[in-house]
Number of protein chains: 2
Amino acid sequence: MSQNIQLKNPHLEGMPSDYLYHLAINVPDTKNTSDIQKQFGDVRVICTGGTAIRMLELAKYLGKLLGVQDTSEPVDMCAKGHRYALYKVGPVICVSHGVGSSTFSVVLHELLKLVHYARCQDPIFLRIGTCGGIGVTPGTVVVTKDAFNGLLRNEHEIAILGERVVRPAQFPESVIKDILAYGGRPDDGFQIISGNTMGTDCFYEGQGRTDGAICEYTAEDKMKFLHKCHDLGIRNIEMEASFFASVTQKIGVKAGDICVTLLNRLDGDQVNAEKKEEFEHRPFLVVGRYIQHLLKK
Amino acid sequence: MSQNIQLKNPHLEGMPSDYLYHLAINVPDTKNTSDIQKQFGDVRVICTGGTAIRMLELAKYLGKLLGVQDTSEPVDMCAKGHRYALYKVGPVICVSHGVGSSTFSVVLHELLKLVHYARCQDPIFLRIGTCGGIGVTPGTVVVTKDAFNGLLRNEHEIAILGERVVRPAQFPESVIKDILAYGGRPDDGFQIISGNTMGTDCFYEGQGRTDGAICEYTAEDKMKFLHKCHDLGIRNIEMEASFFASVTQKIGVKAGDICVTLLNRLDGDQVNAEKKEEFEHRPFLVVGRYIQHLLKK
């Protein structure tokens, strides 16, 4: 039976109104959300990704693929908030989240409240992105299994009321299985694998790079670290996975993280932008087919 | 004696070229950076802030104030990177960093490398932003003294090579003193104070809000936490201070964090956007006058 998601916050019951500040979406009456339901109630899939421009491209791509968008350009429904872009094409919204957990955290809390108020049925949250690979060919698409934080633990840690709180960080197996089964095709010319992902809070020191403004370890320390990651089944590094997994797992909403590797970190740190555009399109293909499968159900 | 900043990364010496990936700025020859010096060598102040639109507004405001910008609109010099916007007006650049430390971290490392390659003399990094206040009238401008993390410690913690690394997080007294001395005027109609700032990784649970998608504490727990913050001299909460202080202190570059409070968290969690625009202009006034003072030196 399909159902609306239940948030993990009893205080919301007592709030007469709610303002999703960073999305600039007003919920004037939390007991009667019919306007929000009209606008967003049909949403089944929430796609998220770093930049606004990539989310616009994804919206255009999915609109065409699903046959739900006319020739007009999708409109940013959160433009007034100036921070995140949100495009809707039929039952899918595509939302930018910026770089890393801190910024993703803000918009994910508000998106969860949005689909709750809109009474979306069985919504699925997906993230697409770029990342560094570990021991895989650049251009490989990695679907995250277990998400590790920068401490090499399969969990996410945040400070709440001044104390460390640790939460598990796994993505649901059923989602991973379906993305792998329906997202890729043998003649795509690239690999899709499931693997563990490390989500760090820093692109440079946090990911063992030696090309940031600060670096206090040797090239040998770095390689030892990357090999240790590889031994833990970590095949890619980005900046959101452990946060994303922990919050969606806590709420009990389905989610998946699909990233394309731009480089193999065992070979270097600098990102070669040459094939970036071609590589960035790969998660579009995968997510598009997976969503087609979801909507057929 | 004025001088170029020294980065804390010996590996950079051995890199023949460098690509500041997220800024989309190429340094083809790290031993001969004359092109970068021509473009950015005169930069004295690096202003940073959350959104691209606010940084454009700041650039226009400073261009006019300093008399260095003609009537044309400043151009985003990092548009190709799609992630951060950078506007240059005379000896000042205004750069967006998104929401929180994770995204700020990426651009700050690259900006530090940029001013290093450009051989900028005695650059000063400033951040302007909005924040929640604790026990201060909404609209108050807070100049950060000591930066606390979400664990209520006056330090910043990051994971490097899988281990916790803790770094001090203070802003230089001389910068704070000058911002207070030159930034405000008695007839401004608002207060500028120096106070401690807590920088968290999460806007909702991390800041003790009860209006996120998840909340597992009571309203009493939250108030106890906010009063504990207040007892530590914390007058505002945002998402960047401890990171920003720790990196600039580590490198030994001057920096200041200037934020306007949009609400008093002792009175509630929801952000009232009514006076947002008026309040957001206040750090412009403060930073503008401080920069005028700097450039007179």
Side-chain angles (χ1 to χ4, degrees), chain A residues 7-12 15 18-19 21-22 50-54 82-83 98-103 105-106 108-109 112-113 116 149-152 158-164 200-206 208 210-217 219 221-222 225 228 239 247 250-251 270-271 273, chain B residues 7-12 15 18-19 21-22 50-54 82-83 98-103 105-106 108-109 112-113 116 149-152 158-164 200-206 208 210-217 219 221-222 225 228 239 247 250-251 270-271 273:
Chain A
L7 301 180
K8 295 279 185 262
N9 181 359
H11 301 276
L12 294 178
M15 280 174 63
D18 198 350
Y19 182 51
Y21 175 66
H22 301 84
T51 65
I53 192 168
R54 210 192 297 158
H82 295 311
R83 295 185 189 271
V99 180
S101 294
S102 58
T103 166
S105 152
V106 174
L108 187 57
H109 273 267
L112 285 161
K113 292 205 288 180
H116 170 72
N149 64 11
L151 297 166
L152 294 183
I158 52 166
I160 300 180
L161 302 188
E163 305 290 334
R164 292 185 204 279
T200 69
D201 286 330
C202 173
F203 182 80
Y204 288 99
E205 296 180 275
T210 56
D211 61 348
I214 307 171
C215 180
E216 302 185 297
Y217 43 84
D221 295 335
K222 160 192 148 172
F225 171 67
K228 201 168 164 186
M239 297 177 69
V247 167
K250 181 88 192 166
I251 301 271
Q270 290 257 304
V271 180
Chain B
L7 301 180
K8 295 277 183 267
N9 181 0
H11 301 276
L12 293 177
M15 279 175 63
D18 198 350
Y19 182 52
Y21 175 66
H22 301 83
T51 65
I53 192 167
R54 210 192 298 160
H82 294 312
R83 294 184 190 271
V99 180
S101 295
S102 57
T103 167
S105 152
V106 173
L108 187 57
H109 273 267
L112 284 161
K113 292 205 288 181
H116 171 72
N149 64 12
L151 297 167
L152 294 182
I158 51 167
I160 300 180
L161 302 188
E163 304 289 335
R164 292 185 203 278
T200 69
D201 286 329
C202 172
F203 182 79
Y204 289 99
E205 296 181 275
T210 56
D211 61 348
I214 306 171
C215 180
E216 302 185 297
Y217 43 83
D221 294 336
K222 160 194 149 172
F225 171 68
K228 202 168 164 186
M239 298 178 65
V247 167
K250 180 88 192 166
I251 300 271
Q270 289 257 302
V271 180

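Residue numbers begin at 1 in each chain, while the letters A, B, ... track the order of the sequences. Keep in mind the model is a prediction, meaning the values are calculated, not measured.
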side-chain contact (heavy atoms from CB on, under 4.5 Å) evaluation trace for Cys202(B) with His109(A): CA-CA 10 Å; Cys202(B) 172; His109(A) 273 267; 4.2 Å; yes
Option that, when pairs with chain B are counted at under 4.5 Å, heavy atom only, ranks first among Thr200(A), Leu108(A), Asp18(A): Asp18(A)
Which atoms of Gln270(B) approach chain A - backbone, side chain, both or neither, heavy atom under 4.5 Å: side chain
His22(B): partners by side-chain hydrogen bond (donor to acceptor under 3.5 Å, both in side chains), with sequence neighbours left out: Glu110(B)
Best-contacting candidate, Ile158(B), Leu152(B), Asp221(B), Ile53(B), against chain A by heavy atom pairs under 4.5 angstrom: Ile53(B)
N/O donor-acceptor pair under 3.5 Å between Asn9(B) side chain and Gly212(A) backbone: yes
Flag side-chain contact, heavy atom, 4.5 Å: Met15(A) against Thr210(B): no
Audit row: Leu161(A), Glu205(B), side-chain contact (heavy atoms from CB on, under 4.5 Å) steps and yes/no: CA-CA 8 Å; Leu161(A) 302 188; Glu205(B) 296 181 275; over 6 Å; no
Most chain A-contacting option - heavy-atom pairs closer than 4.5 Å, from Pro10(B), Gly150(B), Ala219(B), Cys215(B): Cys215(B)
Tyr204(B), part contacting chain A, at a heavy-atom distance under 4.5 Å: side chain
Residue among Ser105(B), Gly100(B), Gly162(B), Gly206(B) with most heavy-atom pairs under 4.5 Å to chain A: Gly162(B)
Flag, side chain of His11(B) to backbone of Tyr217(A), donor-acceptor distance under 3.5 Å: yes
Proximal component of Ile160(A), with respect to chain B [non-hydrogen, under 4.5 Å]: both
Pick from Leu7(B), Ile214(B), Val247(B) with the largest number of heavy-atom pairs that fall under 4.5 Å of chain A: Ile214(B)
Donor-acceptor under 3.5 Å (Ser102(B) side chain, Val99(A) main chain): yes
Close side-chain approach of Asp211(A) and Lys113(B), heavy atoms under 4.5 Å: yes
Electrostatic pair Lys250(B)-Glu216(A), nearest N-O below 4.0 angstrom: yes
Minimum-distance pair of heavy atoms, taken over all atoms of Tyr19(B) and Val271(A): CD2-O, 3.7 Å
Heavy-atom pairs under 4.5 Å with chain A, option from Gly98(B), Ala213(B), Ala159(B) with the top count: Ala213(B)
Proximity breakdown for Phe203(A) and chain B, heavy-atom pairs closer than 4.5 Å: both
Chain A contact via Arg54(B) - which portion, at a heavy-atom distance below 4.5 Å: side chain
With sequence neighbours excluded, residues passing side-chain contact (heavy atoms from CB on, under 4.5 Å) with Asn149(A): Leu151(A), Arg153(A), Glu155(A), Glu157(A), Ser242(A)
